[in-house]
Amino acid sequence: MSVHVSSTKFGSESTEIVETDRDAERAAIVAKYDRGRDEGAQIDQWEDPDFEVYSSTDRYGFLHKTAVVEQRPSEKVLQHERERQMKWIKMFSKWEKYRDSDKLRKRMFKGIPDSLRSLGWQRLLSLEKVRKPFVYEAMKQEARKKSPDIRQIDLDVNRTYRDHIMFRERYNVKQQALFHVLAAYSMYNKHVGYCQGMSGIAALMLMYLNEEVVFYSILFAHFQRFGLGRILGSRCSTKGQQIFYARLLCSGSSQVAALL
């Protein structure tokens, strides 16, 4: 009996030590993002590569080691782009009329003009229906204290789009926003939590949207609308991901799906 009690006691103490270490690690990581790049920030050299290895930046903000020659578009191309923008602006002004139309689908395949992607993505995801006041801030604060995924999120933020001007510097504003979005979602949907691959999706959206909008658009609405959370189940199984993308491909491009 005494051995059993002692074993239970030591087991409990061991668990408490592990939890304490985990809490301390989470707090240390959160503190680094809170400090950002302010004076006194401790950033390892390997985490913050030198800009000098890159010689140019393209129009989308990606860095390149060799010079990128981008010729100025002809007046004809610029005029065509302006006409496309006006068509999208007209469509946005009468959104209820166009939101489920064939015209919208055709224009989607041609791409949303870069200057209108922020508005376009928000309209397509129907954010006005899914946004809830104070939810994002509450989840972000809860994640600081309880998220079990903080360490993995930190690792992935450090390797997401490091060849892009917005995410190049360690703990800069965009890396902070990416960290907050992923941590908040890990608490909002505890069944799924955080999965590797989310960081790339969220970072791409952060190039055009602020962090709260990204939380709802690409992590909230995407999972809700396409049922990704239900398909992946607990902690994002690989099999679940295969099922999801197969279904998405079948619904979006049946001809391509038929060839697989």
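At a cut-off of 3.5 Å, with distance as the only test, no side-chain donor of Glu75 or Gln79 sits close to an acceptor on the other residue. Side-chain contact, Asp114 with Tyr208: a donor N or O sits under 3.5 Å from an acceptor N or O.
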- Message: One pair to check against side chain to side chain contact (heavy atoms under 4.5 Å, CB included): Arg170 and Arg162. What are the steps and the verdict?
- Response: CA-CA 9 Å; Arg170 191 68 170 116; Arg162 296 308 298 276; 4.2 Å; yes
- Message: The test is side chain to side chain contact (heavy atoms under 4.5 Å, CB included); show your working for Ile112 and Trp88 and say whether it passes.
- Response: CA-CA 8 Å; Ile112 303 175; Trp88 275 93; 3.6 Å; yes
- Query: Can you check side chain to side chain contact (heavy atoms under 4.5 Å, CB included) on Lys87 and Met91, steps first, answer last?
  - Reply: CA-CA 6 Å; Lys87 289 178 181 179; Met91 195 157 54; over 6 Å; no
- Message: Quick one, Arg22 with Glu25, criterion salt bridge (charged side-chain N to carboxylate O under 4.0 Å, His left out). Give me CA distance, side-chain angles, the key distance, then yes/no.
- Response: CA-CA 5 Å; Arg22 188 175 298 164; Glu25 181 184 45; over 6 Å; no
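Of the candidates Tyr188, Tyr216, Phe215, Tyr136 forms a ring-ring contact (aromatic ring centres under 6.0 Å, His included) with just one, namely Phe215.
Pairing each heavy atom of Arg26 with each of Lys145, the nearest pair is NH1-O, 2.8 Å. Closest approach of Pro113 to Gln85, counting heavy atoms only: CB-CG, 3.8 Å. Across every non-hydrogen atom of Leu78 and Arg72, the tightest pair is CD1-NH2, 3.7 Å. Pairing each heavy atom of Ser217 with each of Leu209, the nearest pair is OG-CD1, 3.9 Å. Of all heavy-atom pairs spanning Tyr171 and Lys32, the tightest one is OH-CD, 3.2 Å. Heavy-atom minimum distance, Asn172 versus Met166: ND2-O, 2.8 Å.
Panel note: side chain Asp156, backbone Ser199; no donor-acceptor pair is recorded below 3.5 Å. Counting only distance, with no hydrogens or angles, the side chain of Arg168 and the backbone of Tyr161 share no donor-acceptor pair below 3.5 Å. For Asn210 (side chain) and Val213 (main-chain N/O), a donor-acceptor pair under 3.5 Å exists by modelled atom type. Not a single donor-acceptor pair under 3.5 Å links the side chain of Arg99 to the backbone N or O of Leu124. Side chain of His180 to main chain of Gln176: a donor-acceptor pair is present (N/O by atom type, distance under 3.5 Å, no hydrogens or angles). Listed for the Arg123 side chain is a donor-acceptor partner under 3.5 Å among the backbone atoms of Phe92.
With respect to the salt-bridge test (charged N to carboxylate O, under 4.0 angstrom), the residues Asp34 and Arg144 qualify.
Taking the six-membered ring for Trp and thresholds of 30 and 60 degrees, Phe62 and His164 have ring planes more than 60 degrees apart, a perpendicular arrangement.
The ring pair (Phe, Tyr, Trp, His ring centres under 6.0 Å) check on Tyr98 picks up nothing, with sequence neighbours excluded. When the ring pair (Phe, Tyr, Trp, His ring centres under 6.0 Å) test is applied to Phe179, the partners found at least two apart in sequence or on another chain are Tyr33. Among residues two or more places apart in sequence or in another chain, the side-chain hydrogen bond (donor to acceptor under 3.5 Å, both in side chains) test is passed with Glu142 by none.
Taken together through direct or relayed side-chain contacts under 4.5 Å among Ile, Leu, Val, Met, Phe, Trp and Tyr, Phe134 and Tyr185 form parts of separate hydrophobic clusters.
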